[in-house]
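Note that the structure is predicted; figures quoted are calculated from it, not measured.
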Amino acid sequence: MLIIKANYSEEQLIVLLQGKNEAGFHHLYDNYSGALYGVILRIVQSKEYTEEIIQDVFVKIWNSIHQYDSTKGRFYTWMINIARNTAIDYLKSKGFQNELKNQPLPDFVYNSAELSTTNNTSDFIGFNNVLETLEVDKQELINLAYYQGYTQNEISEKLKIPLGTVKTKMRNALIKLKDLLKDYQ
């Protein structure tokens, strides 16, 4: 008779996983999948790839639980490192690199809603509000460079302003942002 316990301590969960207990795995997934998903999504910036990678992460945790050493760190940290390393390995893989080459540029690069690691309703430190305190031209430069991936040369061409002006305004915008964000460190 299998008794499923609602809450396991970290030590109990590790014992269950080492014994290849299915209830332990369900508990692991139910309680840690959200956090691991978030870590992966921040790295790969695609929900589709994240869903693929999270499966690999849980298989790796299941298959390598015997390698976990509590003297080297917490179980949660160990799992985060597996998630992070798996995501980075995925980005470096030849298959992923080839897939990137085959993506239509506007759909892949400029679809900020698809690639966003946060939704528009959550803003960790109120960065959108901080950004709005900048002059409109500086907001536009930050948006083009950091959210849409334009180079300074491309910004210069797009906005039809000299490259030196783009560099100066970008530098001033970043200095202003640094000053505004010093309270959040």
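The aromatic rings of Y49 and Y90 are tilted relative to each other, their planes meeting at an angle between 30° and 60°. The aromatic rings of Y76 and Y32 sit tilted, their planes meeting at an angle between 30° and 60°.
Here Y37 pairs with nothing under the ring-ring contact (aromatic ring centres under 6.0 Å, His included) rule; sequence neighbours left out. Partners of D137 under the salt bridge (charged side-chain N to carboxylate O under 4.0 Å, His left out) rule, at least two apart in sequence or in another chain, are K169. With sequence neighbours excluded, the residues satisfying salt bridge (charged side-chain N to carboxylate O under 4.0 Å, His left out) with E135 are K138. Residues forming a salt bridge (charged side-chain N to carboxylate O under 4.0 Å, His left out) with E10 (at least two apart in sequence, or on another chain): R74.
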| CA sep, side-chain torsions, deciding dist, call: E154, L144, side-chain contact (heavy atoms from CB on, under 4.5 Å) | CA-CA 9 Å; E154 292 169 333; L144 289 171; over 6 Å; no
| task | Decide yes or no on side-chain contact (heavy atoms from CB on, under 4.5 Å) for I43 and T50, but give the supporting numbers first. | result | CA-CA 9 Å; I43 294 168; T50 299; over 6 Å; no
| task | Decide side-chain contact (heavy atoms from CB on, under 4.5 Å) for K20 and W62; before the verdict, give the C-alpha distance in whole Å, the side-chain angles of both, and the deciding distance to 0.1 Å. | result | CA-CA 8 Å; K20 301 297 182 192; W62 179 259; 3.5 Å; yes
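Smallest separation of non-hydrogen atoms from V39 and A83: CG1-CB, 4.4 Å. Minimum interatomic distance between S156 and P162 (heavy atoms only, all atoms of both residues): OG-C, 3.7 Å. The shortest heavy-atom contact between K176 and L134 is CG-CD2, 3.0 Å. Heavy atoms only, all atoms of each residue included: Q152 and V166 are closest at O-CG1, 3.9 Å. The two residues T86 and V57 make their nearest non-hydrogen contact at CB-CG2, 3.9 Å. Between Y8 and A23, the shortest heavy-atom distance links the atoms OH-CB, 4.0 Å.
Atoms CD and CH2, on Q67 and W78 in that order, are 7.0 Å from each other to the nearest 0.5 Å. In this structure, L36 CG and I82 CD1 are separated by 9.0 Å, a value rounded to the nearest 0.5 Å. From E11, atom CD reaches atom CG of L16 across 11.5 Å, with rounding to the nearest 0.5 Å. Residue L28 holds its CG atom at 8.5 Å from OG of S33, rounded to the nearest 0.5 Å. Distance CG/D89 to CZ/R84: 9.5 Å, rounded to 0.5 Å. To the nearest 0.5 Å, atoms CD (Q139) and CG (L177) are separated by 9.5 Å.
The environment of K167 atom NZ is sparse: at most 12 non-hydrogen atoms of other residues, nucleotides or ligands sit within 6.0 angstrom.
When atom types are taken as modelled, the side chain of N31 and the backbone of H27 share a donor-acceptor pair closer than 3.5 angstrom. A distance-only check finds no donor-acceptor pair linking the side chain of T165 to the backbone of I161 [under 3.5 Å]. Not one N or O on the side chain of Q18 forms a donor-acceptor pair closer than 3.5 Å with the backbone of H66. Between the side chain of Y68 and the backbone N or O of I61 there is no donor-acceptor pair closer than 3.5 Å. In this structure, T77 contributes its side chain and G73 its backbone to no donor-acceptor pair below 3.5 Å. Counting only distance, with no hydrogens or angles, the side chain of N21 and the backbone of L17 share no donor-acceptor pair below 3.5 Å.
Checking T151 against N153 by side-chain atom types alone, no donor-acceptor pair falls below 3.5 Å.
In this structure, I88 is a member of the same hydrophobic cluster as V44, with clusters built from ILVMFWY side-chain heavy atoms closer than 4.5 Å.
Each salt bridge (charged side-chain N to carboxylate O under 4.0 Å, His left out) pair with one or both residues in residues 50-67, not counting sequence neighbours, would appear here, but there are none. Among residues at least two apart or in separate chains, there is no salt bridge (charged side-chain N to carboxylate O under 4.0 Å, His left out) pair with a member in residues 24-36.
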